[in-house]
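Notes to accompany the following structure.
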Protein chains: 2
Amino acid sequence: MTLLLADDQSIILDGLEALLEQDEEVQVVGRASNGREAVERSKKLKPDVVLMDISMPEMDGIEATKAVLACCTGTRVLVLSMYDHHDLVHEIMEAGASGYVLKNVGKEELCRALRIVAAGQQYLTQEVRSAFDNDMRAKEIMGETGYHALTKREKEVVKLICRECTTQEIAASLFLSPQTIDTHRKNILHKLGVRNTAGLVKYAKERGWC
Amino acid sequence: MTLLLADDQSIILDGLEALLEQDEEVQVVGRASNGREAVERSKKLKPDVVLMDISMPEMDGIEATKAVLACCTGTRVLVLSMYDHHDLVHEIMEAGASGYVLKNVGKEELCRALRIVAAGQQYLTQEVRSAFDNDMRAKEIMGETGYHALTKREKEVVKLICRECTTQEIAASLFLSPQTIDTHRKNILHKLGVRNTAGLVKYAKERGWC
DNA sequence: GATAAAATACCCACTTCCGGGTATTTTTAT
DNA sequence: ATAAAAATACCCGGAAGTGGGTATTTTATC
């Protein structure tokens, strides 16, 4: 099984490589330190599985997953994430990932997950499984996904909010009316399903946007 | 050199262990998945160095560092962190850590840092060095540390703010007056040197408080 | 060329938050 | 026992953010 590792912290890449090389079936053929790199390397190396972190600069793991699956048939994505939040799991599984494991799994479970995903099946770690199933059932009943991706402009606004900018300051730096930023803020809160700035910043942090 | 690893993500512990065991001088004698555990294990195992993450549940790496150094003479702490923010570096170095390396270092630099710290010297990774030095010089001139730790109550308030609670809701859940929470909020912003809720939540996220 | 999505901008009303204080009581530490 | 720190609570005023709309222009997309 050929494997591409994508994580923005190189000591983790080193660690994972050292760990996974102990498994004879696994062969680490490449590494990437952000989403963009992960897509480029996938195109060239056509790995069986990409082990992907979500929180990455340049391009986050969610966008990268979509891009990898769009261009590399046969390549699967296994997500290795810090967080077990419903919305995060749902979002990336909808993007086409084959599995989701938390960073607090042991070596054994990670290797098991890799095999399952490489064989074309889904693997969700215990902590996220039940939540995700409930989520899916609710979706089927209600007939809607509930999730709406942010637009380019909205992401830009999020990043400036994370830098402690006020609406006025954001407007000034983007050469727009404060009322436009106000509209963006409202749409962002609604799309992300959060109540206020605190929820918004948490969301951004968990995706490596700041 | 005996080593204790402290990180809340066990796959990272596994990875670091696999990586560092390749170095014959290094011997990993224990692991901890939060600050409290790190202190307990240090007391028992008396390792030469504790390789400590900052973002951990129960007790963060900063408090844990203080506690370890208070009870284990001869044990040094090397911090392994995601962030290169001045305030974070300054805070933990003032707590007594012997070094600070980012998670995007390579294996070689990490091992080098471990040796230097074990020998009783300081090691700061390139990215934080100049910033920290400037910081220290500024402090010497102005004669003040600038940093003020949050109190227990203030941390409690921070956590509730991170859960998207409003001042009113926090007051209700702690059975206090909203004006008290307002005072806490203002003091928190001032102590942390941030402008608003966004900065506050970022701070909390980086320390693993939510 | 039609249609949808995104980006822009405005309205009103209300809540929440921030900046500047002051002051009392309770805990903690020496 | 006493000083210092923490926790509590209030004042005023203004800035910032949220919730509910509507509407126009620009940019993708089919």
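Below, each value reflects all heavy atoms present in this structure, side chains not excepted, and no hydrogens, waters or symmetry copies. What you see is a predicted model, and the numbers here were worked out from it, not measured in a lab.
- When the nearest nucleotides of DNA chain D are assigned to B:Pro178 and A:Leu189 by heavy-atom distance, the more 5′-ward of the two goes with B:Pro178.
- Residue A:Glu154 contributes atom CD, which lies 6 Å from atom P of C:dA7 at whole-angstrom precision.
- Taking 4.0 angstrom as the limit, A:Thr151 places none of its side-chain polar atoms (N or O) nearer than this to OP1 or OP2 of D:dT27.
- Around atom CZ of A:Arg163, no more than 12 heavy atoms belonging to other residues, nucleotides or ligands sit under 6.0 Å away.
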Represent DNA chain D in dot-bracket notation, 5' to 3'. Only Watson-Crick or G-U wobble pairs with both distances under 3.5 Å count; pseudoknot-style crossings use [ ] and interstrand partners use |. .||||||||||||||||||||||||||||.

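- Using a 4.5 Å heavy-atom cutoff, the side chains of B:Leu5 and B:Leu20 are in contact.
- Rounded to an integer number of Å, the gap from B:Arg195 CZ to D:dA16 P is 8 Å.
- Of the inter-residue distances, the one linking A:Leu110 atom CG with A:Arg115 atom CZ reads 10.0 Å to the nearest 0.5 angstrom.
- Using a 4.0 Å heavy-atom cutoff across all strands shown, A:Asn196 reaches sugar-phosphate atoms only and no base atom.
- To the nearest angstrom, P of C:dC18 lies 13 Å from CD1 of B:Ile181.
- For B:Thr180, counting side-chain heavy atoms from C-beta on, the closest listed nucleotide (D:dA9, C:dC17, C:dA9) is D:dA9.
- Judged by distance alone with a 3.5 Å cut-off, no donor-acceptor contact links the side chain of A:Lys186 to the base of D:dG17.
- Checking the phosphate oxygens (OP1, OP2) of D:dG17, a side-chain nitrogen or oxygen of A:Arg185 falls inside 4.0 Å.
- When each of D:dT18, D:dT8, C:dC17 is scored by its nearest atom to the side-chain atoms of B:Arg153, the top-ranked nucleotide is D:dT8.
- Nucleotide C:dA6 holds its C1' atom 14 Å from the NZ atom of A:Lys155, rounded to whole Å.
- For C:dC18, the OP1/OP2 oxygens have a side-chain nitrogen or oxygen of B:Thr197 closer than 4.0 Å.
- For A:Gln179, a side-chain nitrogen or oxygen approaches OP1 or OP2 of C:dC11 to under 4.0 Å.
- Within 4.0 Å of A:Thr167, counting heavy atoms only, lie sugar-phosphate atoms of the nucleic acid but no base atom.
- In the model, A:Tyr100 has no side-chain atom that pairs as donor or acceptor with a side-chain atom of A:Thr125 under 3.5 Å.
- Contact annotation: the side chain of A:Met52 never approaches that of A:Leu80 to less than 4.5 Å [non-hydrogen atoms, C-beta and beyond].
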Sub-3.5 Å pairs of nitrogen or oxygen atoms, protein against nucleotides 22-30 of chain C:
none

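- Rounded to an integer number of Å, the gap from CG of B:Asp182 to C1' of D:dA16 is 14 Å.
- Nucleic acid contact class of B:Thr166 (heavy atoms, under 4.0 Å, all strands): sugar-phosphate only.
- Per the geometry, CG belonging to A:Leu174 stands 18 Å off P belonging to C:dA6, to the nearest Å.
- Using a 4.0 Å heavy-atom distance criterion, A:His184 is classed as a base contact.
- In this structure, CD1 of A:Ile170 is placed 15 Å from C1' of C:dA7, rounded to the nearest angstrom.
- Put simply, CG on A:Asp84 and CG on A:Asn104 are 8.0 Å apart, with the number rounded to the nearest 0.5 Å.
- More than 12 heavy atoms of other residues, nucleotides or ligands sit less than 6.0 Å from atom CZ of A:Arg129.
- Regarding B:Ile188, its CD1 atom lies at a distance of 13 Å from the C1' atom of D:dA6, rounded to whole Å.
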